[in-house]
Amino acid sequence: MTQQSAQHDVLVIGSGAAGLTAALALAEEKKVLVLAKGTLTGGSTAWAQGGIAAVLDAGDTFEDHIRDTMVAGAGLNDRETVEFVIERAPHAIDRLIELGVPFNKESGALHLTREGGHSHRRIVHVNDATGWAVQSALLKAAEENPNITLLPGRTCVDLITGRHELRYSGAGQVWGAYALNEETGEVEAHVARATVLAAGGAGRCYLFSTAPRGATGDGIAMAWRGGARVANMEMMQFHPTCLYNLEVKNFLITEAVRGEGGRLYNPRTGKRFMEFYDPERLELAPRDVVARAIDAEIKRFGLDYVHLDISHQPPEFVKEHFPTIHEKLLGLGIDMTTGPIPVVPAQHYTCGGVLVDLYARTDLPGLWAAGECIESGLHGANRLASNSLLECFVFGEAAARDILSMWDELDAPPEIRPWDASRVTDSDEAVVIKQNWTEIRRFMWNYVGIVRTTKRLERAANRIRLLQSEIDDYYGSFRVTTDLIELRNLVQAAELIVRCALERKESRGLHFTLDHPQTDSIARDTVLLPR
Ligand code: FAD
Ligand code: SIN
């Protein structure tokens, strides 16, 4: 059984910062349906800690923020996009304040913290749990808006494109998405005149990641299968400081800890090692530099972790700035006011993604995209801390404004073929899914991690080929479940990451390979063309 729902003008896939920003702007004129896998707060947005970067201090300038972004991005950024986003940041913060986000203040002004790669204090934040405050404010506004319908528990399987039209003329566009209703097991067709993809990143391709369980690259994989170009997927960001703990495997220790004075030590030698890697910027060098330094120390000394220590600051200062982290660590027997925190790098952010222009348009007519699933040119080869939520607000808004401005030129959706489940049965071998999930995440960590070689990448590519054919076979035979949909996307995202990594014959930003350690004089995007 399949349903076709067409009571909405626009479909938004994803209820994080990007999706809800787009939905709220679209709802000024149109009926909007927002779909989310699992719960409405299950994306990375709710987990963000450090904050949002914006030029708000009298001594700071757009030019400085632009330069910091491009230095971190190792020259791969698109200057026009960087300007576009950074100049819109103060407006985005005003809008969040209007929606009720209670940013920290000091002496009546917004308190600005600092993170790696920033030459000024420019990060607005809500203690060390900014994402939860932002997600809650956006969600409250969306829930109160009569033009927005929020449907959690829907895992999109694929975009609806021309080939799904009942009478395909050969010139179709994106008309929404097929989505699994996680409760009933049915696949529904959610048809719309315009679709905004805001399905987040692909961090779960890696064994160790700070990203939530659902970050399986669904948006990127769906757009790729639909025929959109994808770029710079080799630029996977590893955050330098994820808690090292045998039970809690993905708890981030915000970069703001280093911004407020935290230092990194080698637990074996007791030395503050960043002075050997980046003597000027030390712990506040961009993320790729700090993550590689930690990785090098760990490998050289055979360590399990390094130490992050802020205990030289007064205990009240630490507790006031980092209440969430302090409490979480106390529960694990670590007191950050008196001693160091064991940390390791972990995958954190997907810099590449679906190519979009400044209107958030993808290659596919009818499809716009925003947030972590896009490649807009903002981040280049390495995202500057706290520029990601900002990109979600700016591109979410850009997508909405573009759709509204061209609404009358968009065709009404045709009749769409229902999802065909007649040839599949229930799986009798769900163990395949678990096995393949683990296998992908493990070889991606070992072969496509912080330091790469061509041989390791080729090993990963061979395994991906094998798994892809096994997963396609499984997908063609059995009824879809969320786990299967995610696995199919995970292997697709892994393939795109490895292909991009093999195409880049240099080291730049987050992509470091021992076989090509040089940085070319001209920075080029790795753009993959759909088959
Ligand atoms: P998400 O918030 O990840 O939302 C994705 C949405 O898509 C979810 O609603 C999900 O359910 C839905 N979805 C996914 N697949 C499907 C599917 N198949 N069908 C239907 N729905 C689907 N950035 C900063 O700028 N500052 C920070 O301080 C910061 N801290 C961070 C801390 C952590 C621990 C992490 C993991 C990231 C952090 N980031 C930070 C990055 C930032 O949080 C994310 O890049 C950003 O929130 C992404 O927002 P989004 O709207 O694109 O996606
Ligand atoms: C952090 O708080 O360290 C994460 C900030 C970010 O990812 O931008």
Side-chain angles (χ1 to χ4, degrees), residues 1-15 19 22-23 26 30-37 149-151 153-182 184-199 217-230 354 356 360-370 373-374 399 403 406-407 409-424 472 475-476 479-482 484-486 488-489 492 530-531:
M1 254 289 277
T2 334
Q3 303 166 356
Q4 172 158 337
S5 88
Q7 313 94 312
H8 300 93
D9 299 314
V10 185
L11 172 67
V12 175
I13 303 174
S15 59
L26 285 160
K30 300 293 165 202
K31 296 264 180 223
V32 186
L33 173 65
V34 179
L35 300 181
K37 185 165 73 169
T149 304
L150 297 160
L151 272 190
R154 300 297 192 285
T155 307
C156 292
V157 188
D158 261 321
L159 296 170
I160 296 173
T161 58
R163 66 193 180 88
H164 301 111
E165 291 170 16
L166 205 58
R167 283 169 285 278
Y168 182 37
S169 63
Q173 61 162 70
V174 172
W175 299 115
Y178 290 110
L180 171 71
N181 180 326
E182 293 162 18
T184 64
E186 280 178 27
V187 176
E188 304 161 342
H190 293 281
V191 179
R193 194 182 286 213
T195 301
V196 181
L197 191 61
D218 298 7
I220 298 168
M222 284 192 285
W224 173 253
R225 285 194 294 267
R229 281 174 305 160
V230 161
V354 183
V356 294
R361 293 180 192 169
T362 70
D363 289 340
L364 307 178
L367 184 70
W368 286 254
C373 64
I374 63 170
I403 292 169
M406 65 186 298
W407 187 255
E409 295 159 43
L410 297 170
D411 292 330
E415 223 179 319
I416 296 299
R417 273 193 271 127
W419 183 258
D420 181 7
S422 60
R423 278 176 306 217
V424 291
D472 281 351
Y475 178 79
R479 240 183 276 290
V480 290
T481 61
T482 294
L484 174 55
I485 294 165
E486 289 182 333
R488 179 173 175 241
N489 294 328
Q492 181 57 77
R531 294 174 193 99

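- Nearest heavy atoms, Y475 versus V424: O-CG1, 4.4 Å.
- The closest donor-acceptor contact from the side chain of Q173 to the backbone of R193 lies under 3.5 Å.
- Residue V174 is tested with I160, T161, L197 for a side-chain contact (heavy atoms from CB on, under 4.5 Å); the sole match is T161.
- H8 places none of its side-chain heavy atoms less than 4.5 Å from the side chain of V34.
- The two residues R361 and W368 have their closest heavy-atom pair at CG-NE1, 3.5 Å.
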Side chain to side chain contact (heavy atoms under 4.5 Å, CB included) between L26 and W407, intermediate numbers included: CA-CA 11 Å; L26 285 160; W407 187 255; over 6 Å; no
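- The number of heavy-atom neighbours closer than 6.0 Å to CZ of R479, taken from other residues, nucleotides and ligands shown, is above 12.
- The two residues C373 and A199 have their closest heavy-atom pair at SG-N, 3.9 Å.
- The structure places CG of L180 at 11.5 Å from CG of L35, a figure rounded to the nearest 0.5 Å.
- The structure places CD of E415 at 11.0 Å from CD of E165, a figure rounded to the nearest 0.5 Å.
- With values rounded to the nearest 0.5 angstrom, L364 atom CG is found 12.0 Å from M222 atom CE.
- In terms of heavy atoms, P530 sits closest to G227 at CG-O, 3.1 Å.
- Tested against T362, the residues V196, L367, T195, I374 include a single side-chain contact (heavy atoms from CB on, under 4.5 Å) partner, L367.
- Once rounded to the nearest 0.5 Å, the distance linking OG1 of T149 with NZ of K31 reads 7.5 Å.
- Of all heavy-atom pairs spanning D363 and A228, the tightest one is OD2-C, 3.9 Å.
- A distance of 13.5 Å separates CH2 in W175 from CG in L159, rounded to the nearest 0.5 Å.
- Among D218, D472, D158, the one residue that satisfies the side-chain hydrogen bond (donor to acceptor under 3.5 Å, both in side chains) test with R488 is D158.
- To the nearest 0.5 Å, the span separating NE2 on H190 from CD1 on I13 amounts to 10.0 Å.
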